[in-house]
Structures are given as structure tokens and as C-alpha cells.
Amino acid sequence: MSEVKLSASTRTEFGKGAARRIRRDSKVPGVLYGHGADPLHLTLPGHELLLALRTPNVLISLDIDGKTSELAIPKSVQRDPIKGFLEHVDLLLVSKGEKVNVDIYVHTEGELAPGGNLLEHVLNALPVEAEATHIPESVTVSVEGLAAGDSVLAKDVPLPSGTTLAVDGDTVVLQVLAAQAEEAREGEAGGEEAAEA
């Protein structure tokens with residue numbers, strides 16, 4: 001897991017006007033919370049934060065006002081729906097050795113059994129519990145040879161050591177569906193013939 005260092009400064013201005021001014025300076029308003037402490041309102045560097053957030057569940061080492069250093073993970077990220085720039089970020093305070101619940105992406109490898117079957121991702125991300133400083137970015141599941149009707153359950157997903165499921169083991173993560181294109185075409189043809197009659 002990668003750790004990214006960012007410099008942040010505390011902020012005392014709040015509201016839409018203050019947030020707009022912060023964003024005009026290519027920075028992002030954010031809140032750091034957790035461990036029962038009062039929320040700390042921060043201003044973070046926009047470009048560096050955007051790059052850091054490309055890594056799922058990135059561990060961020062915050063240098064706050066050059067005085068304190070804190071570890072955090074992103075909990076909620078708000079983006080502009082049209083332009084995609086960062087509008088606000090919520091960061092969760094963590095410490096080494098602490099267990100946190102996060103979602104990790106599920107990647108697949110291998111080929112399904114022949115027959116034009118479709119792979120459905122029931123869960124794109126798997127809820128797990130992991131040590132805050134050792135959160136896996138993703139897990140890879142082999143779908144080699146799976147046929148229609150087969151599924152992969154959460155308990156079948158290989159997890160790195162120190163990571164445990166935070167969801168029922170019998171939860172379906174992936175399932176293979178039979179291709180239905182031929183049946184749909186036959187149904188359409190039948191419908192046309194009935195209309196002509």
C-alpha cells in the first residue's frame with residue numbers, strides 16, 4: 001500500500017464563499033475526523049490530492065501547518081458532476097495497527113467456459129477489515145472455466161494476510177449468466193409473424 005505525503009493547513013472560514021475562494025486557489029476544502037476528536041477543517045493542495053486519490057484507499061500522511069503529522073484515509077470525495085474537479089474531501093484519522101473497514105476493488109482474470117456467457121459483477125468492491133497502514137488496493141479472482149450458473153462467493157475470494165471479510169461469506173461477488181441473445185431474436189421473430197397474421 002502506498003503512502004502519500006501532503007501538506008495541509010487549518011482553515012477558519014466556512015461556507016460556500018470560502019469554499020469557492022479555496023478552490024479558486026487550486027486547493028480543496030476538507031475535514032479530518034475520527035478517534036473521538038473534534039473535526040479539523042483543512043485546506044489541501046488540489047493537484048497533489050487528485051493524484052493521491054487515483055490510488056484506491058490511499059494512506060495519506062498529512063503535515064498540518066508544519067506542526068503536526070497525522071495519518072488518514074479518504075472516506076468521502078465530492079467532485080463537480082460536470083467538470084470532475086474535487087469540491088470537498090472527508091478524511092478519516094487512522095493510526096498504525098488500527099483496523100478499519102474499507103471497500104477494495106475486485107478484478108478478474110481468466111476466460112469463462114465457451115458458450116458466450118456473461119460475467120456479472122454483483123459486487124464491484126468487497127467490504128473488508130484491514131490494518132490502516134496495510135490496506136490492499138484490490139483483489140484478483142480467477143474466473144477461468146466458469147460456466148453459466150456458476151458464482152464466486154465472498155469466502156472464495158483470496159484475501160491478503162491480515163485482511164478479513166466485513167460481509168457475510170456467502171454473499172455473491174461474481175456470477176456467470178447464460179447468453180440470451182438467441183432466445184430474444186427468436187421471440188422477436190415470433191412477435192413479427194403474429195403481427196403480420
Side-chain angles (χ1 to χ4, degrees), residues 1-108 121-141 154 157 159-160 162-167 173:
M1 161 161 211
S2 57
E3 182 177 320
V4 176
K5 294 184 186 305
L6 292 180
S7 295
S9 55
T10 52
R11 61 187 168 100
T12 53
E13 288 187 302
F14 308 103
K16 288 184 179 177
R20 280 193 205 106
R21 282 192 294 278
I22 290 169
R23 287 192 284 270
R24 256 197 310 268
D25 289 340
S26 299
K27 296 186 177 177
V28 179
V31 177
L32 176 68
Y33 63 92
H35 293 173
D38 289 336
L40 187 60
H41 298 270
L42 302 171
T43 300
L44 300 141
H47 183 68
E48 291 90 336
L49 180 61
L50 187 64
L51 292 176
L53 293 175
R54 287 184 177 170
T55 303
N57 297 317
V58 64
L59 183 65
I60 300 173
S61 175
L62 291 171
D63 177 10
I64 303 170
D65 295 329
K67 298 173 188 170
T68 57
S69 181
E70 300 285 4
L71 289 176
I73 57 172
K75 205 60 183 166
S76 173
V77 178
Q78 294 171 18
R79 297 176 187 268
D80 181 273
I82 297 167
K83 297 182 179 173
F85 62 80
L86 296 174
E87 290 190 329
H88 189 273
V89 64
D90 286 350
L91 300 169
L92 180 63
L93 195 60
V94 296
S95 57
K96 290 186 188 308
E98 177 184 2
K99 294 272 191 178
V100 292
N101 285 346
V102 293
D103 291 344
I104 56 174
Y105 291 107
V106 178
H107 297 291
T108 59
H121 286 255
V122 179
L123 290 181
N124 285 322
L126 186 64
V128 298
E129 183 182 69
E131 188 185 329
T133 54
H134 293 92
I135 298 171
E137 290 180 21
S138 63
V139 289
T140 303
V141 178
V157 176
L159 296 175
T163 304
T164 56
L165 287 175
V167 67
V173 179

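None of the values given here were measured: they were computed from a predicted structure. Because only heavy atoms are used, hydrogens play no part in the values below, and waters and symmetry mates are left out as well, while side chains stay in.
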Any side-chain heavy-atom pair from Val31 and His88 closer than 4.5 angstrom? yes
Taking the side chain as every heavy atom from C-beta outward, state whether Val173 and Val157 have any atom pair closer than 4.5 Å. yes
With a 6.0 Å cut-off (strictly less than), is the heavy-atom count around OH of Tyr33, excluding the residue itself, greater than 12? yes
Crowded around Lys5 NZ? As in, over 12 foreign heavy atoms under 6.0 Å? no
Is Leu86 close to Leu53 at the side-chain level, that is, under 4.5 Å between some pair of heavy atoms? yes
Side-chain heavy atoms of Leu71 within contact of Leu59, under 4.5 Å: yes
Between Leu93 and Leu40, is any pair of side-chain heavy atoms under 4.5 Å apart? no
From Glu129 CD over to Thr163 OG1, what is the distance, rounded to the nearest 0.5 angstrom? 9.5 Å
All ring pair (Phe, Tyr, Trp, His ring centres under 6.0 Å) counterparts of His41, not counting sequence neighbours: Phe14
For atom NE2 of His107, is the number of surrounding heavy atoms from other residues, nucleotides or ligands below 6.0 Å larger than 12? yes
So Leu44 and Leu62, side-chain contact (heavy atoms from CB on, under 4.5 Å) or not? Walk me through it. CA-CA 9 Å; Leu44 300 141; Leu62 291 171; 3.7 Å; yes
Using side-chain contact (heavy atoms from CB on, under 4.5 Å), reason through Arg79 and Leu50 one step at a time and then give a plain yes or no. CA-CA 10 Å; Arg79 297 176 187 268; Leu50 187 64; 3.5 Å; yes
Taking CG in Asp38 as the centre, count heavy atoms belonging to other residues, nucleotides or ligands within less than 6.0 Å. Is the count above 12? no
Side-chain heavy-atom pair Pro45, Leu6 within 4.5 angstrom cut-off: yes
